[in-house]
Amino acid sequence: MKKKLLALVCALALTVSLVGCVFSTPDTVGKIGDFEVTSGLYLLAQYDAYQQAAQLAGSEQDASKVKSFLKATITTDADTGETAVVSDYVAQKTLETLQTLAAVDARFTELGGELTEEQKSAADSYAQQLMDNYGDTYTANGIGLETLKLFQQLQYKHTLLLDLVYGKNGETPVEDGELTEHLDSTMYEIGFITVPLYNTSTFAFASDDQKAEMLSLAQKAADSYNASAPEDTSSQLTTFNSIASSALTGICAVLDAEVPSTSTLQTDLLSESDLTDAFTQEGAADTLRGLAYGQAAAIQYTGYAMMLAVRLDPLGVSTLDALRSQILSDLKGEELDDALAAYGAQMASSLSSSAMSKLPAAKIVNDTSANSANS
């Protein structure tokens, strides 16, 4: 089994030792503003930065050739063709992560935020799950449970900042009208039933002709629903579910398959980024974008799955207050992250580079798919 190389580099010193690497770090490496950067948090930021570099390289990394990879050049932006030396990229991403975490902590405090005991407990519980699943990898890289707890609590603060900044009683509240307009124009509430394009018993994949036949049968069901679609959202869901569910037996019969237990009606509110990430087949995302409220279509959205989907009015499924956090995340998440990055950079002048240089050299670990900083 192939394993992706995960390595930890000392982003400032950039000296690598593959043999006899023993961790001996100070408890902290300095401060960004009033935020104390623990050695564990610093190592976690480096751990994630190196993983990002390995992913951008687009090929498996050889654990015996870390030194050469650190000197390699990778493309960091596919659109512009921008490149960077791996060692420089890791150093920069490590610092940016730490600056952002410091800014999250500072802004949360400035705005009167305080984690409840329940929130702290939830963050700590998730950190424990990560340690239970990937503890060997974290330990090998000098990252302990307390570091993971700290990071997960900072993640909680980051999420709560959206409301503290943009919520009803926030620093710069977003008006309900703006939220509703964004919800209507760039988010998509759908009811859907997923159908795998393979026999779930034999795992035999559908041929192109079989896919076409299954899609044709699914579209006939969607057309049948569209011919008499009700006006209100609740009735739309009920009618769609009845017609689509009835069609499943014939659709799955194309593959001599039973209807999978997973092919049941679900609802979800999707963003544009969700469409880009999940609807990978050409034209699939555009088909969904083109649906009016209450209209249905059959869509092959990946190479191995299709769906019967109906677009719904989100405010017919839920309330604006219930959706507020999700809309704010989609509408203002990037703006908040940009502001935090800028604020963290302003705070960074007090970060002790001399203390950082005492951190250990790189240590090579095998991939266990533990990528905390993206969890």
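Just the heavy atoms: all of them, side chains too, but no hydrogens, waters or symmetry mates, feed the values below.
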Side-chain heavy atoms under 4.5 angstrom apart, residues restricted to Ile, Leu, Val, Met, Phe, Trp, Tyr: same cluster for Tyr293 and Leu270?
no
Same cluster for Leu328 and Leu315 if Ile/Leu/Val/Met/Phe/Trp/Tyr side chains link at under 4.5 Å?
yes
Interatomic spacing from CG in Asp268 to OH in Tyr188 - rounded to 0.5 Å
14.0 Å
Check: Pro230 main-chain N/O paired with Gln236 side-chain donor or acceptor under 3.5 Å
yes
is_close_aromatic(Tyr50, Phe69), centroid dist under 6.0 Å:
yes
Hey, any chance Leu164 and Ile327 share a hydrophobic cluster, counting ILVMFWY side chains that come within less than 4.5 Å of each other, even indirectly?
yes
Would the number of heavy atoms belonging to other residues, nucleotides or ligands and lying under 6.0 Å from CD of Glu334 be above 12?
no
Could you state whether Leu265 and Met307 fall into the same hydrophobic cluster, counting links through intermediate Ile, Leu, Val, Met, Phe, Trp or Tyr residues with side-chain heavy atoms under 4.5 angstrom apart?
no
Check Lys168 with Asp321, please: is the shortest side-chain N to carboxylate O separation under 4.0 Å?
yes
Is the Phe205 ring parallel, tilted or perpendicular to the Tyr198 ring (thresholds 30°, 60°)?
tilted
Within a reach of under 6.0 Å around CD of Glu258, are more than 12 heavy atoms found that belong to other residues, nucleotides or ligands?
no
Ignoring hydrogens and geometry, is there a side-chain-to-backbone donor-acceptor pair from Glu96 to Lys93 under 3.5 Å?
no
Side chain proximity check, Lys120 to Tyr156, heavy atoms < 4.5 angstrom
no
Tell me whether Gln155 contacts the main-chain N or O of Gln152 through its side chain, where contact means a donor paired with an acceptor under 3.5 Å.
no
Starting from Leu197, can I reach Phe279 by hopping between I/L/V/M/F/W/Y residues whose side chains sit under 4.5 Å apart?
no
State whether the side chain of Gln153 and the backbone N or O of Ala123 hold a donor-acceptor pair below 3.5 Å, judged by distance alone.
no
In chain order, what residues pass the side chain to side chain contact (heavy atoms under 4.5 Å, CB included) check against Ala102, with sequence neighbours excluded?
Ile32, Phe35, Met347
Mark yes or no for whether Asp330, through its side chain, and Ser271, through its backbone, hold a donor-acceptor pair below 3.5 Å.
no
Asp338 atom CG: more than 12 heavy-atom contacts under 6.0 Å
yes
Strictly distance-based, threshold 3.5 Å: is any side-chain N or O of Thr75 a donor or acceptor partner for the main-chain N or O of Gly81?
no
